[in-house]
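Some notes on the structure that comes next.
Protein chains get the first letters and strands the later ones, always in sequence-line order, with residue 1 at the start of each.
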Amino acid sequence: MRAAFSDTLVRLAKADPNVLLLTGDHGYALFDDFRRECPAQYINAGIAEQNMVGMAAGLARAGFRPFVYGLAAFIPVRVVEQIKLDVAHDQLPVIFIGDGAGFVYSHLGTSHQSTEDIACTRAIPNLAIYSPADRFEVTACMEMAYHTKSPVYLRMGKSDRGDVHIALPELKAGSMLEAKSGKFNDIAFIATGSLVRTAIDIAAATYPDATVWSAPFIKPLDSQQVTAICKQSKVLVVLEEHSVLGGLGSAITEIASEFAPIRILRIGINDRFSHYCGTYEYLLKEHGLDRTAIELKIQDFLAAN
Amino acid sequence: MISQNKVFDTKVLRKTVLDMAFAGSTVHIGCAFSIIELLAVLYRNHLRYPDNDPQALDRDYFILSKGHGVMAQYACLRELGWLKDEAFTGYFADGSDLKGLSDSRILGLEVTSGSLGHGFSVGVGMAMGVKLRGTNQKTYALVGDGEINEGPIWEGALFAAHHELKNFMVIVDENGFQAMGSTQDVLKLGSIQAKFESFGFEAITIDGHNEEAIDTAIKQLWASASVSPKALIAKTVKGKGVPFMENNNIWHYTRLDSETYAQALSSVSESEQ
């Protein structure tokens with residue numbers, strides 16, 4: 001997934017000399033290829049994210065196409081106001097890459113764990129939010145972000161969960177992709193980012209008729225598609241490695257409540273910080289986001305129906 | 001060559017500010033009055049807008065980072081013919097364009113400000129873009145002395161010096177006040193010139209109401225062979241031009257009534273140039 005990100009960025013930058021990569025002193029190994037292939041388009045802005053985003057706005061106004069890279073805990077969360085005022089207000093074509101979203105930095109603690117970034121950015125007008133699940137979605141999302149010529153926050157979470165598609169999908173802004181086919185059924189799954197793979201595995205093992213949708217877009221979100229899925233299902237399970245407040249689960253629930261109310265189980269991070277550190281898998285367990293815990297939550301939810 | 005060829009009479013600019021502040025019953029008059037001479041000199045002698053086009057791709061960039069002084073900039077845009085008189089008589093009317101803080105959707109305003117410490121970084125980005133393009137456009141960012149409390153100013157200063165953005169100039173409106181009091185009482189700034197110099201800027205301090213001194217200093221900074229970014233520290237008076245407003249910080253937030261409006265107009269028209 002990270003290789004797909006780097007390859008796509010290098011390809012876009014080589015094709016368009018106006019593409020610039022700005023980093024807040026992060027991405028050491030990730031940008032080796034970029035620095036070798038496009039050294040004049042690489043700017044390490046230092047550990048100064050607020051200035052970096054303001055500069056990206058200035059560069060965009062001067063005709064450049066900045067990609068602003070940082071850890072999701074900092075880009076976008078530390079610079080929400082710069083994104084709102086300097087970039088989104090005038091729909092400048094700046095692409096924000098928030099890497100390591102969720103619990104990727106499982107040993108480092110709260111400062112590096114990003115579980116509120118979607119909630120912080122969803123209400124900013126003009127800003128799209130992409131959340132790719134595998135290397136194919138990363139490539140397609142990067143291409144789309146470049147071609148939309150308006151502000152995008154691209155959220156990159158745990159990158160080694162395996163593919164969810166077998167080839168490069170064709171993206172339509174706001175649309176979800178079928179990651180596992182099924183029938184119209186009692187239960188349907190919508191997941192984003194790292195938890196799409198988990199949703200597929202759970203459905204394949206326990207709910208073989210259920211369709212699993214991957215949501216590479218948190219915003220915009222095709223409300224007709226969401227409504228159609230809700231109308232064809234009795235219950236919906238939404239999964240994300242983000243707070244249950246203000247993320248994909250919230251966005252889906254908002255649409256469903258207006259057009260096709262059904263019971264929706266929002267699986268994500270409950271409203272608290274991590275208590276302990278450990279491996280990524282450990283932290284998923286601490287927050288009840290490992291496969292076993294998720295399966296139990298679904299069983300309980302169905303039993304309570 | 002400067003294409004505008006306008007006078008930018010500071011008496012006219014101050015009168016325009018008073019008229020609109022009275023029409024809109026608005027605040028921030030003192031913030032606008034401290035930068036009148038700075039803007040007059042910049043627009044008259046320095047900022048290049050080819051074909052009088054505020055969107056010309058090869059224009060100089062002027063960023064009013066301290067958006068609170070926007071009425072002074074509106075007054076200049078009126079001189080340029082980019083804003084019409086109706087915008088001034090109808091200031092703050094329901095559904096009108098001109099806001100109390102700068103909004104980049106107004107032609108001639110490069111950034112949306114009011115939240116402080118933003119425009120400086122945008123300007124540094126523009127100057128970096130100019131350097132990458134290899135053109136000779138100049139970028140100016142006018143900040144308030146209160147505004148430089150903000151951290152991103154100093155992040156951007158490090159970047160501008162490190163990347164030798166010699167076509168970038170910060171202008172500091174050092175009027176000695178911020179919203180709630182004097183800069184000395186709120187958060188001591190010490191020598192602003194020394195601070196920017198220590199960050200790698202070439203800096204000059206001048207009387208920010210002496211048009212000749214402003215003009216000379218800007219020319220001197222641009223004439224420098226140094227690759228450093230430039231800093232012009234303008235010692236100014238908040239509320240300059242109306243004696244009862246000068247150095248009286250209540251005019252950050254006080255609105256004009258008929259009586260103070262008439263008194264202020266009379267002070268401005270009687271003042272020496």
Exercise for the section: Count the heavy-atom pairs under 4.5 Å between each of Ile153(B), Val124(B), Val130(B) and chain A, then report the option with the highest count. Expected result: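 Max contact count across the listed options: Val124(B).
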Handout entry: Selection from Gly156(B), Gly117(B), Ser113(B), Gly114(B) maximising heavy-atom pairs under 4.5 Å formed with chain A
Key =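 Between Gly156(B), Gly117(B), Ser113(B), Gly114(B), the count favours Gly156(B).
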Exercise for the section: For residues Phe159(B) and Asn44(A), report the shortest heavy-atom separation together with the two atoms involved. Expected result: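 Minimum heavy-atom separation between Phe159(B) and Asn44(A): CE1-O, 4.5 Å.
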Exercise for the section: Please report the closest heavy-atom contact between Leu85(A) and Ser115(B), naming both atoms and the distance. Expected result: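 Minimum heavy-atom contact is CD2-CB, 3.7 Å.
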Does atom [atom1] ([X]) have a neighbourhood of more than 12 heavy atoms from anything else shown, all under 6.0 Å?
X         : atom1 : answer
Ile47(A)  : CD1   : no
Gln224(A) : CD    : no
Leu57(B)  : CG    : no
His162(B) : NE2   : no

Any side-chain heavy-atom pair from [X] and [Y] closer than 4.5 angstrom?
X         : Y         : result
Asn51(A)  : Leu158(B) : no
Arg61(A)  : Ser104(B) : yes
Arg133(B) : Asn18(A)  : yes
Glu49(A)  : Glu155(B) : no

With a 4.5 angstrom heavy-atom cut-off, is it the side chain or the backbone of [X] that approaches chain B, or both, or neither?
X        : result
Glu81(A) : both
Ala60(A) : neither
Leu22(A) : neither

Practice task
Please state whether the side chain, the backbone, both or neither of Phe120(B) comes within less than 4.5 Å of a heavy atom of chain A.
Solution key: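 No part of it gets close to chain A.
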Handout entry: Part of Glu110(B) within contact of chain A (heavy atom distance under 4.5 Å)
Key =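 Looking at Glu110(B), just its backbone touches chain A.
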